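The next block holds one structure in the form of structure tokens; read it before the comments.
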Amino acid sequence: MAELIGTANAYFEVLFPNHPRQRVPINDLPFFIGRGHENGNHLALDDMRISRKCAAVFSGASGLLIEDRGQRDGIFVNGQPIKARSLADGDRIRLGTDDGCQLVFHLPSEEITQDEAETKLRSILGSLGNDSTEELNGLRVLLEATSLMHSQLPLEAVLATMLDHAIVITHADRGMLLEPDSSGVLQVKVARGRNGQSLEPAAMNPSRSVLGSAIETESAVVNEDLNLADINLQSAQSVVLQLLRSSVVIPLYGSPRGHADPAKETVKRQLLGAVYLDSKRTATFSALDRKILDALGAQAGSILENSRLIERERERQRLEQELNIAREIQQALVPQGLLDYPHFSITEFHRPCYEVGGDYFDVFPMPDGRIGLLIADVAGKGLGAALLTTMLQGALSGMTLGVEPVRVFTHLNQFLCERAAVGRYATMFFGLVGPDGVLEYVRAGHPSPLLLRQGEVSELYTTGSFPVGLVDQATFTSSRIQLEPGDTLLLFTDGVTEAEDRDRNLFQDGRLMEAFCQHQNESLKAVQDGILSTIEKFTQGAEQSDDVTLLLVRYRGAAEVDSKIS
């Protein structure tokens, strides 16, 4: 085998039932496969049957190889179980024992000899008479251009050389590669002269009428003598001013999108750009010239499409890296291991549904000996919600200095409402509970915590309130309740009650209350695990669209603590 082809040329085709096929380039080695981007996977598969650390692709002596990193039920290549194996083009990789997810490995064709390439190109172009010298010269030019597809040259250099070859074939004075801008207008990206010199793209003025004709017909347009062309083309300003006599335009298209409609003759194609060549001399193009130009256009289109795929993949990886950094910062702000308080047992669970989330919770001691309990949920998901949770954490930290919670909530509400451009609001619950069991709390649109007392589950409140940042004139008040020894509080976000099964049915309050009550006589950690197990059984691995956060607090009672001390 030739030298290992660059990883940008190898890719996986991801096959999921009821999902569109996905093409994922292998741009980095080692290349990790598994569940969730947060686990460092380049190919992240959102399926509970896939292990977090599933497989990895490495560079080996004979090419790329795949290795099992701990996939549940193993990995199979072409139906055979493997621990590590070299990959060949077309290998089918099954993750686990069922057919839930399969990957098809693809490599570009290996380099071929000059004779083999010439034979292959002849078959593509067809037999074109007995002028073997002309034919072979054309084939040579096309072969040189084709070899660029597997080169490691920068994209700009590859495209410039492709234009040089096109100029040689057409005997044009100049050649240009145009790509559409954000508004879809074709702009010159690369320009070359007939002697191989680079031209300034901004100084080029290609004939827009010739370009428009090629785009309209979705086919190459060859004008050997513009004096004999359509009257509208003759009178085009750029043609007249530049004294142009011949031109060639080859529109470049990507692979068809979607499936062909039997009722329609065409499939929508994405315009990637156009190759444009013109001259101040008339030109004569043979049938061979035209076929070689078509082949060059196909090569240029393929290069552009591959480069765009790679560019999008690199951008995705850059954004993923930034999200991972944001996630690490956000996770660092969430309490890492709760302190042990004499009068309380506390446990928590926090799982963002994306790399970063909009849920936030905290537990912290107050100067007067009480502890603060906070849970919040920012409207929306992703990076915007995560930024607001970070801001909330900084603002709410003021309560550790003894600032009244009602004043903090009022200030936060006014701050967010005055900055309407933020476009975010948050539901919050904040409680202060002391050794005597008195719980003072402030609420802002958040679901009521549940209280488990002597086998009965109830809500702390049933009336509504406004979130912070939604209504500028909203007011907030504090309420009190006396906890009894053995009482357990469950604080949660709506990602718990709105968890969905595969039929999009919601978990809802009733199931949460039932699961909470079932484990009342067990440890606090067992209560939490029981609730999470009930949610998992209900959702059956269905993809969720909201963060899940639980905070459980059990009041031991002052007398119980005092008796243990004495």
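Quick caveat, the model's predicted, so the values are computed rather than measured.
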>> Would Arg556 and Ser345 count as a side-chain hydrogen bond (donor to acceptor under 3.5 Å, both in side chains) here? Give the steps.
In response: CA-CA 7 Å; Arg556 296 193 182 108; Ser345 296; 2.9 Å; yes
>> When you measure from the side chain of Arg480 to the backbone of Val438, do you find a donor-acceptor pair of N or O atoms at a distance under 3.5 Å?
In response: no
> Is there a side-chain contact (heavy atoms from CB on, under 4.5 Å) between Tyr341 and Ile346 once you walk through the steps?
Replying inline: CA-CA 8 Å; Tyr341 296 93; Ile346 304 176; 3.7 Å; yes
>> If we ignore hydrogens and angles and just use 3.5 Å, is the side chain of Asp501 paired with the main-chain N or O of Asn505 as donor and acceptor?
In response: yes
> Residues two or more places apart in sequence or in another chain: which of them pass salt bridge (Lys or Arg N to Asp or Glu O under 4.0 Å) with Arg370?
Replying inline: Asp368, Glu440
> Looking at residues at least two apart in the chain, or sitting in another chain, which of them share a side chain to side chain donor-acceptor pair (under 3.5 Å) with Thr410?
Replying inline: none
> By side-chain contact (heavy atoms from CB on, under 4.5 Å), which residues pair with Arg351, not counting sequence neighbours?
Replying inline: Phe349, Glu536, Val548
> Is there a donor-acceptor pair under 3.5 Å between the side chain of Asn41 and the backbone N or O of Leu43?
Replying inline: no
> What pairs with Ser523 under side-chain contact (heavy atoms from CB on, under 4.5 Å), at least two apart in sequence or on another chain?
Replying inline: Lys525, Ala526
> With sequence neighbours excluded, what pairs up with Asp487 under the side chain to side chain donor-acceptor pair (under 3.5 Å) test?
Replying inline: Arg453
> How about Arg35 and Ser51: does a side-chain donor come under 3.5 Å of a side-chain acceptor?
Replying inline: no
> Among all residues two or more places apart in sequence or in another chain, which pass the ring pair (Phe, Tyr, Trp, His ring centres under 6.0 Å) test with Tyr461?
Replying inline: Tyr441
> Is there a side-chain contact between Ile33 and His42 (heavy atoms, below 4.5 Å)?
Replying inline: no
> With a 4.5 Å heavy-atom cut-off, do Arg92 and Arg94 have their side chains touching?
Replying inline: no
> How would you list, by chain and number, every residue that makes a side chain to side chain donor-acceptor pair (under 3.5 Å) with Ser465, sequence neighbours excluded?
Replying inline: none
> Does Met513 reach the side chain of Val457, with side-chain heavy atoms less than 4.5 Å apart?
Replying inline: yes
>> Please tell me whether Arg554 and Thr488 have a donor and an acceptor in their side chains that are separated by less than 3.5 angstrom.
In response: yes
> Under 3.5 Å, is there a donor-acceptor pair between the side chain of Tyr555 and the main chain of Gly437?
Replying inline: yes
>> On a heavy-atom basis, which atom in Pro447 and which in Phe492 lie closest, and how many Å separate them?
In response: CB-CE1, 3.9 Å
> With sequence neighbours excluded, what pairs up with Thr347 under the side chain to side chain donor-acceptor pair (under 3.5 Å) test?
Replying inline: Gln528
> Counting distance only, does the side-chain N/O of Ser533 pair as donor-acceptor with the main-chain N or O of Asp529 below 3.5 Å?
Replying inline: no
>> The criterion is side-chain contact (heavy atoms from CB on, under 4.5 Å); which residues satisfy it with Ala474, sequence neighbours excluded?
In response: Asn413, Phe466, Val471, Phe476
> Please, which pairs that meet ring-ring contact (aromatic ring centres under 6.0 Å, His included) have at least one residue in residues 495-524, sequence neighbours excluded?
Replying inline: Phe507-Phe538
>> Regarding Arg443 and Thr463, do their side chains bring together a donor and an acceptor under 3.5 Å, going by distance alone?
In response: yes
> Going by heavy atoms in the side chains, are Leu15 and Leu103 under 4.5 Å from each other?
Replying inline: no
> Can Ile375 and His446 be said to form a side-chain contact (heavy atoms from CB on, under 4.5 Å), step by step?
Replying inline: CA-CA 9 Å; Ile375 192 166; His446 200 81; 3.6 Å; yes
> Hey, are the side chains of Leu45 and Val14 touching, using non-hydrogen atoms and a 4.5 Å cut-off?
Replying inline: yes
> Does a side chain donor of either Thr493 or Asp377 reach within less than 3.5 Å of an acceptor in the other side chain?
Replying inline: no
> Taking only residues two or more places apart in sequence, or in another chain, which ones meet Glu500 in a salt bridge (Lys or Arg N to Asp or Glu O under 4.0 Å)?
Replying inline: Arg504
>> Can you list everything that forms a salt bridge (Lys or Arg N to Asp or Glu O under 4.0 Å) with Glu13? Sequence neighbours excluded, please.
In response: Arg21
>> Do Tyr425 and Val378 make a side-chain contact, defined as non-hydrogen atoms from C-beta onward lying under 4.5 Å apart?
In response: no
